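Just below is one structure, and these are the notes that go with it.
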Amino acid sequence: MASSLRWLVLYLISQLHLVLAQINASNIFIPEANTIIAINLPDDGSNDINFYVSSPDWYQYSAIGFGSSMANSLMLVMYPSADRKSVTVSPRFTNGNTEPTHRPVRITLHPGTELTTQMTANGTCHSCRNLQAAPFNPSIPANSPTAPVMFAVGPSSGAFSSDDLDARIRRHVAHGIFNIDVFKSTGSGGVGTPTNVTQHVTFPDGDSSLKKSSNKAATAHGILFAIAALAIAPFDTLVAAFLGRRWPKLHIASGSIYFLFVLGAMVPGIVISGQHVLTATMGTGHQVLGLLTVAVMVVMVGWGFVVRKKAGGQEVAGKGGWMKQVHAWGGRGIWVALLVNNGLGLKLSEQTRLLMLGYAVLAGGVFVFLIPIYFCLWRCTSARKPKTAEEDHELYNMPSIYDHEARFGYGRQ
Ligand code: HEM
Ligand SMILES: *[C@@H]1O[C@H](CO)[C@@H](O)[C@H](O)[C@H]1NC(C)=O
Ligand SMILES: *[C@@H]1O[C@H](CO)[C@@H](O)[C@H](O)[C@H]1NC(C)=O
Ligand SMILES: *[C@@H]1O[C@H](CO)[C@@H](O)[C@H](O)[C@H]1NC(C)=O
């Protein structure tokens with residue numbers, strides 16, 4: 001009796017072994033993203049790839065890609081379907097580190113594809129191992145014992161769902177690369193029922209961790225423009241209005257720093273514009289207003305030098321001359337445009353409400369803080385001025401940018 005039980009146990013173990021052996025698939029569990037990915041290469045001569053991806057639905061999307069860099073690799077991007085009952089799997093392509101766009105590659109989805117708190121795709125990508133249509137790189141390189149597979153998840157973005165295979169997606173918040181064992185992934189059993197185990201995969205440099213996708217250029221762009229609008233612009237306005245009379249070179253210095261700072265802050269913005277389809281043509285409100293503002297700034301800087309040259313130690317007709325007034329009001333307009341455009345930028349990058357509110361409070365705070373200073377300085381400077389007939393009109397003549405000494409005879413010797 002004992003001996004037959006022993007045989008039964010041994011028999012069951014051998015059967016279990018057979019069941020497990022039939023699943024010839026690479027399987028990876030990524031705990032940081034609670035994601036399971038499995039890849040199987042059917043050995044029926046079809047060049048198909050069976051794939052299974054399961055990620056939490058709070059990500060805008062979960063994607064795999066066949067290759068070790070985004071450029072020219074076939075990527076499969078999964079997001080909740082419009083009715084939020086299933087998922088959409090969109091085959092995509094890009095030739096750089098930019099938002100991939102849809103390409104017509106045939107995908108079939110099998111039972112097990114669903115949307116719960118996880119979005120799960122259980123599908124087949126047809127003839128995908130070596131897509132004949134250039135410019136895709138071969139997904140599974142021929143005669144290589146391993147094949148690299150990429151993984152990326154999109155930012156959490158309020159219940160995004162779509163049936164559109166070319167829906168716009170945002171840059172990932174995390175990504176990773178692993179290598180599947182091609183031999184151990186080949187077989188007729190499909191992906192089976194993938195679980196949270198990692199097998200038949202290796203990691204480049206032995207590093208299995210998920211990488212956070214840093215977005216340094218976008219962060220730098222935002223912070224630099226915040227500094228420009230909240231600190232440098234008001235500083236330069238004060239310098240121009242009050243110190244510019246006595247020391248016009250101060251405003252030339254502060255204004256140049258301001259101008260160069262804005263140009264520098266714009267550079268990373270232009271770089272990241274190329275990353276998404278929506279922004280690549282420079283058509284969003286934030287980009288248009290930003291470029292316009294910088295263009296006006298270029299004109300105003302040039303204008304300032306013209307005004308200075310024209311004045312040449314002599315008074316231009318009227319209160320500093322209309323040319324000075326244009327320069328001064330242009331400067332104020334640029335400042336307001338920068339403040340507003342920073343808000344548009346925060347909106348474009350879908351920042352949290354808290355951050356946008358924080359920015360609005362800071363921007364408002366700068367005004368509240370500056371108005372008394374502005375008023376006080378204005379009183380002080382008008383009190384020290386030699387009396388002229390013009391003083392009667394002082395109320396209408398708020399201090400203007402580049403309102404330099406010529407008017408009051410503080411000579412530039
Ligand atoms: C809007 C869409 C996307 C944008 C704008 C984007 C942008 C970028 C950028 C700029 C990088 C360079 C590294 C970095 O700065 O963090 C990168 C790397 C990477 N991306 Fe994307 N990506 C997008 C979608 C995808 C998708 C769908 C996948 C699919 C798996 C993916 C996988 C990867 C991987 C694995 C890396 C690291 C590989 C390397 O270092 O070359 N990306 N991406
Ligand atoms: C995935 O699809 C295959 C083929 O239809 C099926 O055999 C398998 O059981 C499915 N896996 C899951 C987890 O539903
Ligand atoms: C799985 O791979 C093993 C070799 O590793 C092979 O003997 C077996 O036939 C394969 N299973 C299937 C279902 O193809
Ligand atoms: C994997 O799943 C099993 C069963 O669902 C669970 O008991 C186990 O804790 C999980 N392991 C990890 C690392 O999440």
Side-chain angles (χ1 to χ4, degrees), residues 22-23 25 27-40 42 48 50-55 59-79 89-103 108-114 116 118 120-124 139 148-155 157 160 166-179 187-198 203-205 207 210-220 268 271-280 349-350:
Q22 280 192 352
I23 304 306
N27 197 112
I28 179 175
F29 174 59
I30 304 160
E32 299 98 319
N34 196 21
T35 291
I36 296 171
I37 298 169
I39 305 289
N40 161 259
D48 290 356
N50 293 319
F51 62 92
Y52 177 98
V53 183
S54 183
S55 290
Y59 292 119
Q60 186 192 36
Y61 62 87
S62 175
I64 54 171
F66 298 96
S68 55
S69 73
M70 289 178 66
N72 305 335
S73 299
L74 168 66
M75 290 183 245
L76 303 177
V77 181
M78 163 178 76
Y79 36 88
V89 175
S90 161
R92 295 193 179 210
F93 174 85
T94 173
N95 56 11
N97 278 340
T98 56
E99 180 179 351
T101 49
H102 174 61
R103 286 294 184 283
T108 349
L109 296 175
H110 309 303
T113 299
E114 59 181 359
T116 54
Q118 293 276 115
T120 304
N122 179 31
T124 300
S139 298
V149 175
M150 299 178 285
F151 165 68
V153 281
S157 68
F160 171 79
D166 209 20
R168 295 282 68 87
I169 58 169
R170 301 187 70 89
R171 180 167 163 181
H172 34 87
V173 287
H175 65 267
I177 300 176
F178 56 95
N179 297 310
S188 56
V191 294
T193 305
T195 57
N196 60 2
V197 295
T198 293
F203 297 96
D205 309 319
D207 181 3
L210 189 66
K211 312 281 176 301
K212 233 175 116 53
S213 309
S214 71
N215 209 346
K216 291 199 185 92
T219 310
V271 170
I272 51 178
S273 288
Q275 287 182 7
H276 290 89
V277 172
L278 180 71
T279 51
S349 67
E350 288 174 14

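Atoms within a ligand are numbered from 1 in the order they appear, just like the ligands themselves. For the numbers below, each heavy atom of this structure counts, side chains included, while hydrogens, waters and symmetry mates do not. Given the structure is predicted, the values throughout are model-derived calculations rather than measurements.
For ligand 2, the atoms lying closer than 4.0 Å to a non-hydrogen atom of Gly112 are 14 (O). Near Ala152, meaning under 4.0 Å from any of its heavy atoms, are these atoms of ligand 1: 28 (C), 29 (C), 30 (C), 31 (C), 32 (C). Each of the atoms 2 (C), 24 (C), 27 (C) of ligand 1 lies under 4.0 Å from some heavy atom of Pro100. Here is the list of ligand 2 atoms found below 4.0 Å of a heavy atom in Gly192: 11 (N), 12 (C), 13 (C). The ligand atoms of ligand 1 that sit less than 4.0 angstrom from a heavy atom of Val77 are 27 (C). Interface atoms of ligand 1 facing Gln275, defined by a heavy-atom separation under 4.0 Å, are 5 (C), 10 (C). Shown in contact with Met150 at under 4.0 Å from a heavy atom are these atoms of ligand 1, numbered in order with element: 30 (C), 35 (C).
Glu99 CA, 3.4 Å is the protein heavy atom nearest to atom 2 (C) of ligand 1. Nearest to atom 14 (C) of ligand 1 among the protein's heavy atoms is Arg171 NH2, 3.1 Å. Ranking protein heavy atoms by distance to atom 29 (C) of ligand 1, first place goes to Met75 SD, 3.5 Å. In this structure, atom 41 (O) of ligand 1 lies nearest to the protein heavy atom Ser69 CB, 4.0 Å. When only non-hydrogen protein atoms are considered, atom 13 (C) of ligand 4 lies nearest to Phe29 CE2, 3.9 Å. Nearest protein neighbour of atom 39 (C) of ligand 1, counting heavy atoms only, is Ser68 O, 4.3 Å.
Atom 21 (Fe) of ligand 1 does not have Ser213 among its coordinating residues (no N/O/S atom, backbone or side chain, under 2.8 Å).
A donor-acceptor pair is defined here as one N or O able to donate and one able to accept, closer than 3.5 Å; such a pair exists between the side chain of Asn27 and the backbone of Thr195. One N or O on the side chain of Glu99 and one on the backbone of Val277 form a donor-acceptor pair closer than 3.5 Å. Looking only at distances, no side-chain donor or acceptor of His102 sits under 3.5 Å from a matching main-chain atom of Ser90. Looking at Thr279, its side chain does come within 3.5 Å of a backbone N or O of Ser273 through a donor-acceptor pair. With Asn50 contributing its side chain and Val191 its backbone, the two residues share no donor-acceptor pair below 3.5 Å. Between the side chain of His175 and the main chain of Leu210, no donor-acceptor pair closer than 3.5 Å is present. A donor-acceptor pair is defined here as one N or O able to donate and one able to accept, closer than 3.5 Å; no such pair exists between the side chain of Tyr52 and the backbone of Thr120. Side-chain N or O atoms of Ser73 include one that pairs as donor or acceptor with a backbone N or O of Ser69 at under 3.5 Å.
Between Asn97 and ligand 1, not a single N/O pair is under 3.5 Å apart. Some N or O of Asn122 is nearer than 3.5 Å to an N or O of ligand 2, by distance alone. At least one N or O atom of Pro111, backbone or side chain, sits closer than 3.5 Å to an N or O atom of ligand 2. Any N or O atom pair closer than 3.5 Å counts here, and His172 shares at least one such pair with ligand 1.
In the model, Ser55 has a side-chain atom that pairs as donor or acceptor with a side-chain atom of Ser62 under 3.5 Å. Under 3.5 Å, the side chains of Arg92 and Thr94 contain no donor-acceptor pair of N or O atoms. Side-chain N/O atoms of Gln275 and Thr98 include no donor and acceptor closer than 3.5 Å.
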*After noting the C-alpha distance and the side-chain angles of Phe29 and Ile37, does the key distance pass the side chain to side chain contact (heavy atoms under 4.5 Å, CB included) rule?*
CA-CA 7 Å; Phe29 174 59; Ile37 298 169; over 6 Å; no
_Criterion side chain to side chain contact (heavy atoms under 4.5 Å, CB included) on Ser68 and Met150, from CA distance to verdict_ = CA-CA 6 Å; Ser68 55; Met150 299 178 285; 5.5 Å; no
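Around the NZ atom of Lys211, the shell of radius 6.0 Å holds more than 12 heavy atoms that belong to other residues, nucleotides or ligands.
With a heavy-atom cut-off of 4.0 Å, His175 touches ligand 1 through its side chain alone. Looking at Arg92 against ligand 1, nothing comes within 4.0 Å, counting heavy atoms. With a 4.0 Å heavy-atom cut-off, ligand 1 is reached by the side chain of His276 but not by its N, CA, C or O. Residue-level proximity to ligand 1 for Met70 is carried by the side chain, the only part with a heavy atom below 4.0 angstrom.
Protein non-hydrogen atoms do reach within 4.0 Å of atom 16 (O) of ligand 1. Atom 9 (O) of ligand 4 lies below 4.0 Å from none of the non-hydrogen atoms of the protein. Under the 4.0 angstrom criterion, atom 3 (C) of ligand 4 counts as having a protein heavy-atom contact.
In this structure, of Asn196, Thr198, Val197, the residue bringing a heavy atom nearest to atom 12 (C) of ligand 4 is Asn196.
Note: Phe178 and Phe151 fail the aromatic proximity criterion, with ring centroids not under 6.0 Å apart.
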